[in-house]
Amino acid sequence: MQFSEMIFVGAFLPLFLFFSFISKSIRGKNLVFLFFSIVFLLFQGLISLGVLLLLSLFSFYAAKRLKTEKKYFFPFSIVLLLLPLLFFKYSVFFRFLPQWIRGLMPFGISFYSFRLISYLADCKEGMEPEENFFHFAIYAFAFPVISQGPILRYKEMRGEIVSRESNFTNLSQGLFRFSFGLWKKMILADELGKLSTSFLPMERLTGLAVQGSNAPSFLAVFFSSLAFMLQIYLDFSAYTDMAIGIGEMVGFSIPENFQYPYEAKCIRDFWRRWHISLSCFFRDYIYIPLGGNRLSFGRRVINLLVIWILTGMWHGATANFILWGLYYFMIIVMELLMKHIIHRFPIHLPARKKDEANINEPALHEKETEQKCKWNIFNPAYGKTVVLHIYTLVVVFISWIFFRYSNFAVLKNVLKSLFLLSGNAFSDGRSLILFRNHIFLFLLAVLFSTSLFQKLDAFCEDLMLRGRIRKEKKGKREEEGFYGMEEEADMEEIKDRGAIDVGTIDIGTIDEDARRKFGVETEEDIEEAMQKESGLSEEELRRHSNALKKIQRKTKWTIFFLDHGEKMYYFLKILLALLALCISFAAMAGQSYTPFLYNQF
């Protein structure tokens, strides 16, 4: 059972949420969470449940003995946790094994093996081992993170197992995050997967490798690889969105696993954004213990080689994953060698005049200057950013080709076609028609691979915060007086004197009084009087009046959004969540109207 299946969205998740919210005590909520986690694993088979149970029991008792046992006990425990993962991952190569075992992979073993290893490593570094197996089982069996991560650490979940808050706000935010992830998986990622194989069918590639048939065109390889590049990110990040949403609905804070990696400006930055929990695992438990950045450059290169071979092995059992890891190893070593050239271009920012500069705030001056030049295409900083971004996308684009094809003959032919080394055509009619019919899908996929919507959400939250502050100040003024300084006795004295209440002033009355005072009757007379008083020409006065009206309109809309923005924000979020759920249900039920959406050109 997967998060994107009808049985999960239509039955499992509603029942889980229902029993979670009717349980009042934290122990009841934990029982519900553990029970549904076990049921979720039972859908994957008894072998998956049995392997996880054995590894969890071993990790729980091994952690409590780390302080009393000899030094070799910790590495021995790590080897025992890794043996099942290595056995099942590489069982396909063991010909002497029974057929039903070869290729068998317990559900989520790659993720929960690393989670249990991180628990033992943290206990070795001083974290207090968990004494309650019931609490530890909630961490080990947690179904939101068991299939696609992130690789959660026990210290990130420990406090919330004992005490967490489940309320309507968390439920609504989590529901939106889950619905968004489900929509991204069903409508974007799955459709991109189908499109990728449509551009470059595997049967054609296999025939090319065996029979030497006509090579695919450059555009066929390019569009197929581009669709796969977008699909793998949207698919993986969609599962993370759904996991974070499920956790948030019941009070668990699951960390982010992706930070828009296709916006990175170098490969090291890419791996700080892509599968963050895996990168942090290798960094904290392997790279740093091996010496990290404190060693000489040669030793760092050896440590990086170890890290990237292990990264490739974790992702898959075939040799192309090792090649994929070595590819990234070479790119990162090259970046380290050339960082003074690639990442440290001197940028000469325009300086202000001495009388305009604030010598007490040089950092602020530099920041302001960078902001002014940010979108200037002639600014060296902008050019450097564009070049580095294109470089990163090209490197990542090629890496997914190594990742995708396990057959080396197919991989070689695809690379030759991509670089126009096989005598193939640049384009073909079929690829152009497919791209034209699915251009809307590509545009949506690119849009949702950027941080545009995150920035929009942050802007809305900032607007809501300003609205709350304005509402508080408005309430304070109503309680304390117009200026917020009058005492009660002063207010009574003002009332006794018959002073005018500002809130009851009639603007129309003021206009009539002003007309009588200045001897004018119409608005034209008022404008003429203003022109004489200001000494401005009629054209200048008109421009001034138009500018004033624009400011008034802008202020009016700003006040409107500050007062009503929060209600509109949450209403729109609920509406989008329901819409995403409906579209996802339609796709799961086989009633998807995605061809109507995508085939508009």
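When a residue number appears, it is its place in the shown sequence, counting from 1.
- Partners of Ile117 according to the side chain to side chain contact (heavy atoms under 4.5 Å, CB included) rule, which considers only residues two or more places apart in sequence or in another chain, are Ile78, Leu81, Leu82, Phe114, Phe281.
- By the salt bridge (charged side-chain N to carboxylate O under 4.0 Å, His left out) test, Arg158 pairs with Glu130, sequence neighbours left out.
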Cut-off 3.5 Å, no hydrogens considered: what does the side-chain donor-acceptor table look like for residues 24-45, sequence neighbours left out?
residue : atom : partner : partner atom : Å
Ser25   : OG   : Gly28   : N            : 3.1
Lys29   : NZ   : Ser20   : O            : 2.9
Lys29   : NZ   : Ser23   : O            : 3.0
Asn30   : OD1  : Arg164  : NH1          : 2.7
Asn30   : OD1  : Arg164  : NH2          : 3.1
Asn30   : ND2  : Ile26   : O            : 3.3
Asn30   : ND2  : Ile161  : O            : 2.9
Ser37   : OG   : Phe33   : O            : 2.8
Ser37   : OG   : Phe141  : O            : 3.3
Ser37   : OG   : Phe143  : N            : 3.3
Gln44   : OE1  : Met1    : N            : 3.0
Gln44   : NE2  : Met1    : O            : 3.1
Gln44   : NE2  : Phe40   : O            : 3.0

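- Residues passing the side-chain hydrogen bond (donor to acceptor under 3.5 Å, both in side chains) test with Thr318, sequence neighbours excluded: Asn320.
- The distance between the ring centers of Tyr72 and Phe76 does not fall below 6.0 angstrom.
- Side-chain contact, Glu248 with Ser253: no donor N or O sits under 3.5 Å from an acceptor N or O.
- No side-chain donor-acceptor contact under 3.5 Å links Ser118 and Tyr285.
- Applying the salt bridge (charged side-chain N to carboxylate O under 4.0 Å, His left out) criterion to Asp122, with sequence neighbours excluded, gives no partner residue.
- Both the sub-6.0 Å distance and the 45° axial angle are not jointly satisfied by Arg153 relative to the ring of Tyr119.
- The aromatic ring centroids of Phe21 and Phe16 lie 6.0 Å or more from each other.
- For Phe111 and Trp314, the gap between ring centers is short of 6.0 Å.
- In this structure, the ring of Tyr327 has its center no less than 6.0 angstrom from the ring center of Trp308.
- Atom CG in Leu578 sits 7.5 Å away from atom OG in Ser179 (nearest 0.5 Å).
- Residues forming a side-chain hydrogen bond (donor to acceptor under 3.5 Å, both in side chains) with Arg404 (at least two apart in sequence, or on another chain): Ser196, Ser224.
- Proximity of Leu97 to Phe94: side-chain heavy atoms (C-beta onward) are separated by under 4.5 Å at one or more points.
- Listed by chain and residue number, Glu69 satisfy the salt bridge (charged side-chain N to carboxylate O under 4.0 Å, His left out) test with Arg65 (two or more places apart in sequence, or in another chain).
- Within 6.0 Å of CG in Leu295 there are more than 12 heavy atoms belonging to other residues, nucleotides or ligands.
- Using modelled atom types, one finds no donor on one side chain facing an acceptor on the other under 3.5 Å when comparing Thr450 with Glu263.
- Scanning for ring-ring contact (aromatic ring centres under 6.0 Å, His included) contacts around Phe270 gives Trp274, with sequence neighbours left out.
- Under the ring-ring contact (aromatic ring centres under 6.0 Å, His included) criterion, Phe74 pairs with no residue at all, not counting sequence neighbours.
- The side-chain heavy atoms of Val145 and Pro150, taken from C-beta on, include a pair separated by under 4.5 Å.
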*List the steps, then state whether side chain to side chain contact (heavy atoms under 4.5 Å, CB included) holds for Tyr233 with Tyr260.*
CA-CA 9 Å; Tyr233 165 69; Tyr260 306 100; 3.8 Å; yes

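- Looking at every heavy atom in both residues, Ser91 comes nearest to Leu104 through OG-N, 4.1 Å.
- A salt bridge does not link Lys184 to Asp190: none of the charged nitrogens lies less than 4.0 Å from a carboxylate oxygen.
- Ion pairing of Lys573 with Glu461 is absent here, as no side-chain N (NZ or NE/NH1/NH2) approaches a carboxylate O to less than 4.0 Å.
- Glu156 pairs by the salt bridge (charged side-chain N to carboxylate O under 4.0 Å, His left out) definition with nothing, not counting sequence neighbours.
- Each of Phe236, Phe448, Tyr239 was scored for a ring pair (Phe, Tyr, Trp, His ring centres under 6.0 Å) with Phe258, with one residue passing: Phe236.
- A heavy-atom distance below 4.5 Å is not found between the side chains of Cys266 and Leu388.
- When the ring-ring contact (aromatic ring centres under 6.0 Å, His included) test is applied to Phe321, the partners found at least two apart in sequence or on another chain are Phe403.
- A search for ring-ring contact (aromatic ring centres under 6.0 Å, His included) contacts involving Phe88 returns nothing, not counting sequence neighbours.
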